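Report on the structure given below.
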Amino acid sequence: MSGKLKWVTDIEKSVLINNFEKRGWVQVSENEDWNFYWMSVQTIRNCFSVETGFRLSDDQIVNHFPNHYELTRKDLMVKNIKRYRKEMEKEGSPLAEKDENGKYLYLDFVPVTFMLPADYNLFVEEFRKNPSSTWIMKPCGKAQGKGIFLINKLSQIKKWSRDSKTSSFVSQSSKEAYVISLYIDNPLLIGGRKFDLRLYVLVTTYRPLKCYMYKLGFCRFCTVKYTPSTSELDNMFVHLTNVAIQKHGDDYNHIHGGKWTVSNLRLYLESTRGREVTDKLFDEIHWIMVQSLKAVAPVMNNDKHCFECYGYDIIIDDRLKPWLIEVNASPSLTSSTANDRILKYNLINDTLNIVVPNGEIPDFKWNKVPPKEALGSYEILYDEEAAQGDGSDRDMRSRPGQAFGAKGSRARDSGRSAPTTWK
Amino acid sequence: MLGEEEELSVSIAHIVQKLKGSALHCQLEKEARKCLLSTDIKLETLKEDIREFLKSSGWEKKLQNAVYRELTVLPAPCHPAAPAEHIKEPLAYMRRAQASWEKRVLKSLNSMCTELNIPLARKRPAEEQKELLNKWNEMGTEEPDLTLFRPVYAPKDFLEVLINLRNPNYDTDQTSFRANLGLIQVPLKMKDIPELREFFGELNLNTGQLGVDDSTPVPPEMFENEHLRIGKKILEEHDSAAAQQYVRQGCPTALRAELWALILNISDQPEDILYYEQLKSNVIQHDLLSDSLIYKDVKLTASNDDYYFVFEDYLYQVLLCFSRDTSVLEHFAYNSATPPKSYIRGKLGVEEFAVVYPPNGVIPFHGFSMYVAPLCFLYPEPARLYQVFREMYVRFFFRLHSISSHISGIMSLCLLFENLLQTHLPQLFYHLREIGAQPLRISFKWMVRAFSGYLATDQLLLLWDRILGYNSLEILAVLAAAVFAFRAMNLMEVTSLAAAEAVLADISTLKVMPLLQIFLFATVT
């Protein structure tokens, strides 16, 4: 018994504080000795900056990896995934297999994306191939739907072109880098409405990769009927599902907050589309998560004092293909409804049970293998160590043929609760 | 009394009459005529050959399913000379009670009409028609001012009527100690526990069930796979009766939509879609006061529901079309209720100027839209969703808000619920009664809505599987009692109605099948 764990947070959210207090942990200020710091992304930036030269001691852990932005900044995520695909291709990995149109069969899960202004010319080339397409512009460094807009004409983004005549403007706005992605204009609609998925993934170490998926994610619905018509391009309520945006819509409902549980989604899809395609969809979602993490693992600073709980945003199209839209380092802990509050409280509770075993003062050297009972609503998404131990590396390679080949029917053989088929 | 044989021939005559002139009848005739051109048909054996043809081409199955449909809604056999009102409801005092309740409801509707100075119906100007057509798929975004509208009645108003109902031929004063304990004071025949056990035989602990994870002799996965296989086979065979038997053990999620449609004998004919489109154009053309009641109800219930808010627009589409569907009137032949009538302005009481209002004869009440909501999980096409709902309504749901002595009627369900609690859990029943928390005051709303909006959707669908499977609503009363049994420990500690309500406020985490099984089969009586 080495005393009570000392915690700090710069995010004043009751779902956090209640969880800390429940464990009998002691609150301290950031200038005192602390063991556990739940911090915002701004704080982690300062904490690990070169100037401070700060190092964490053996009994300290924080809720971010120092360079989490490799995954959570839209431009870097895309860059890392592109690099990962090239590497796989070079290695001759079957994962990098392409179809007759040159599209990756298993690694094509992010909508076509470019950086602006850097890739302006590449973008123009792509845009001209398919001039009727709609694209979505997002500022690289912002979250919660801020600064996002849709375009379907080149003229609308002229100012990001390199040879723009108003060069003074370019130099001034060059800091405002944007990513531009092909807009998924055939989203799956339920009750005529568009939605996206918010799923939580916990990473406790990148090398070896150990990650957990939270079973209780949710769908976020737009309050306004979806219409692909271009006349509605300016109406962001049609297109964006962020609660931060939807909350300002007239129709926002404070009882359910436009949120639907993943189990509702599963029931609906299984009832209307059948079990096989539903299983395949969820299988592919797990696949996307693991591949995105593998893509950033080599560049991630795998500090032993760090863990991170990511909010994955996924859109499903009408052919039931999931697309990774972005990953958030600080998923919102604000509760919009009573159920939301329960969910987020439990999310933090289960997260803490995994990263701070028994609620005791952490020791960064622990092997990060939580007992099964500690998982709560998390399930193991991927455990590189265990996978290699099993010799499942071979499995991993033969996977595409198995799970994607015939029709992903393998998922059921291992029983309902089997989280993934390809571990 | 009729002999068995006579009874049968009355039933047959009834069904033949129902099917004559139906679309199926025409189709059968057409097919039979067409087959005469085939070389397989010989003049000598004409009758047998045509029969054989109809069998092999699948038409016989369709006829069987249609006959089966009529059988399930066939009123209890009665003397051919009995007047139609006896088929609706054999007990005179029940008929009177229903009639006076209808009068009250209609009066409330009419007074709202006068108060708000809104006509019951009006033709929409062309411009408005166009507008409505454009936003047909997003009616939920319209926010008409509904503050002045109120639901015509809520389940609790209806409960008061049921509580006050007495049989004038039956002296309830002190004759039976037992009868006085509950709220319902009307003697009706109903099943006791042994009879329920026999009736719900397939739910016993040794039969595989979907919705139960453990404790079967066969591992659940093995049962599930086998059950799925049989389910697929039944769909291939297209056999209504087999499907009905099958769903008693629960539907696999992926097959439920098809199996229910098969049991309800819903076909996917183009004319059905046309029919729905016709109803839709009726909605576009005319505005009814009852539309505002539907809007109001959806806004008050489904729009705020964690499970169903997504389907708000589907609910408007289905319910508005439903209110215009005059084919719903047919079910009043076996419903104790009578469609409300309204008169053309200035002709009050003159029969020739009477019209049924709303056109389907059903006045929506608070919570009505919850009958549709769960079905939205199964049918993404509005036309199909509509048909399934209409059939569910004319087979089952109407019984939950009409006063009748039918075994699936709400009166019987209330009484069954009270009887089960009194017999199974006399201490609990007595305790709740003593503190002024009559159990029926809490469970009534569950039963009136067939538990929609109270259970998690997956559980609700498992429950409705059994309603379809047993062609009976009695399971609602059993489940209501089972919920009380499950929470009995907590309920024994409460000291007020409010506290008892709080204990039972959220039943969305309950697992329906284990509760039913334990209550019916694992409780010592």
Side-chain angles (χ1 to χ4, degrees), chain A residues 188-195 218-227 229 232 235 237-238 241 249-261 263-279 318 336-340 342-343 409 412-418, chain B residues 134-143 213 219-222 224-225 228 231-232 251-260 299-317 373-382 384-385 456-462 506 508:
Chain A
L188 173 68
L189 304 181
I190 297 181
R193 285 173 221 215
K194 188 187 162 180
F195 68 96
F218 51 85
C219 308
R220 298 179 292 190
F221 277 84
C222 286
T223 48
V224 179
K225 276 275 164 163
Y226 180 71
T227 154
S229 97
E232 289 275 10
N235 184 355
F237 295 114
V238 177
T241 50
D250 292 338
D251 290 332
Y252 184 80
N253 183 304
H254 291 273
I255 299 175
H256 48 70
K259 288 177 182 173
W260 222 34
T261 61
S263 55
N264 273 334
L265 175 67
R266 194 178 243 292
L267 180 65
Y268 175 80
L269 288 177
E270 224 177 293
S271 301
T272 54
R273 305 273 191 131
R275 174 115 141 220
E276 282 79 13
V277 290
T278 307
D279 286 342
D318 59 6
S336 51
T337 66
N339 281 342
D340 209 35
I342 295 168
L343 180 137
S409 55
R412 285 302 124 191
D413 300 343
S414 44
R416 181 168 288 186
S417 58
Chain B
N134 281 334
K135 59 167 198 171
W136 180 255
N137 287 316
E138 45 185 326
M139 286 187 271
T141 56
E142 271 307 279
E143 284 280 351
D213 298 330
E221 266 164 53
M222 238 168 92
E224 272 172 40
N225 291 337
L228 187 68
K232 285 180 179 160
C251 278
T253 306
L255 304 187
R256 183 173 281 118
E258 291 310 311
L259 282 165
W260 284 18
K299 289 280 178 213
L300 286 176
T301 58
S303 295
N304 293 326
D305 189 286
D306 285 341
Y307 296 92
Y308 305 125
F309 73 89
V310 176
F311 302 113
E312 182 180 344
D313 294 316
Y314 280 25
L315 297 179
Y316 296 126
Q317 291 172 27
L375 301 172
C376 296
F377 268 83
L378 304 184
Y379 304 98
E381 318 83 16
R384 192 122 192 268
L385 172 66
T457 309
D458 60 329
Q459 296 300 310
L460 184 87
L461 296 174
L462 288 167
D506 182 8
S508 66

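Naming: A, B, ... by sequence-line order, numbering from 1 per chain. Below, each value reflects all heavy atoms present in this structure, side chains not excepted, and no hydrogens, waters or symmetry copies. Computed from a predicted structure; not experimentally measured.
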- Could you check which of B:Pro252, B:Ala254, B:Pro382 has the highest count of heavy-atom pairs closer than 4.5 Å to chain A?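 The residue among B:Pro252, B:Ala254, B:Pro382 with the greatest pair count is B:Ala254.
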- Message: Heavy-atom pairs under 4.5 Å with chain A: which of B:Phe309, B:Tyr379, B:Phe311 has the most?
- Response: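 That would be B:Phe309.
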Between [X] and chain A, which part of the residue has a heavy atom less than 4.5 Å away: side chain, backbone, both or neither?
X: B:Glu312; answer: both
X: B:Asp305; answer: backbone
X: B:Leu461; answer: side chain

Taking the side chain as everything from C-beta on, heavy atoms only, tell me whether [X] gets closer than 4.5 Å to [Y].
X: B:Tyr308; Y: B:Thr301; result: no
X: B:Trp260; Y: B:Leu375; result: yes
X: B:Thr457; Y: A:Tyr268; result: no

- Query: Under the side chain to side chain contact (heavy atoms under 4.5 Å, CB included) test, which residues partner A:Ser271, sequence neighbours left out?
  - Reply: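 Side chain to side chain contact (heavy atoms under 4.5 Å, CB included) check on A:Ser271 returns A:Leu267, B:Thr253, B:Leu378.
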- For A:Ser263, enumerate each residue passing the side chain to side chain contact (heavy atoms under 4.5 Å, CB included) test, keeping only those at least two apart in sequence or located in another chain.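 Checked A:Ser263 against side chain to side chain contact (heavy atoms under 4.5 Å, CB included); matches are A:Thr261.
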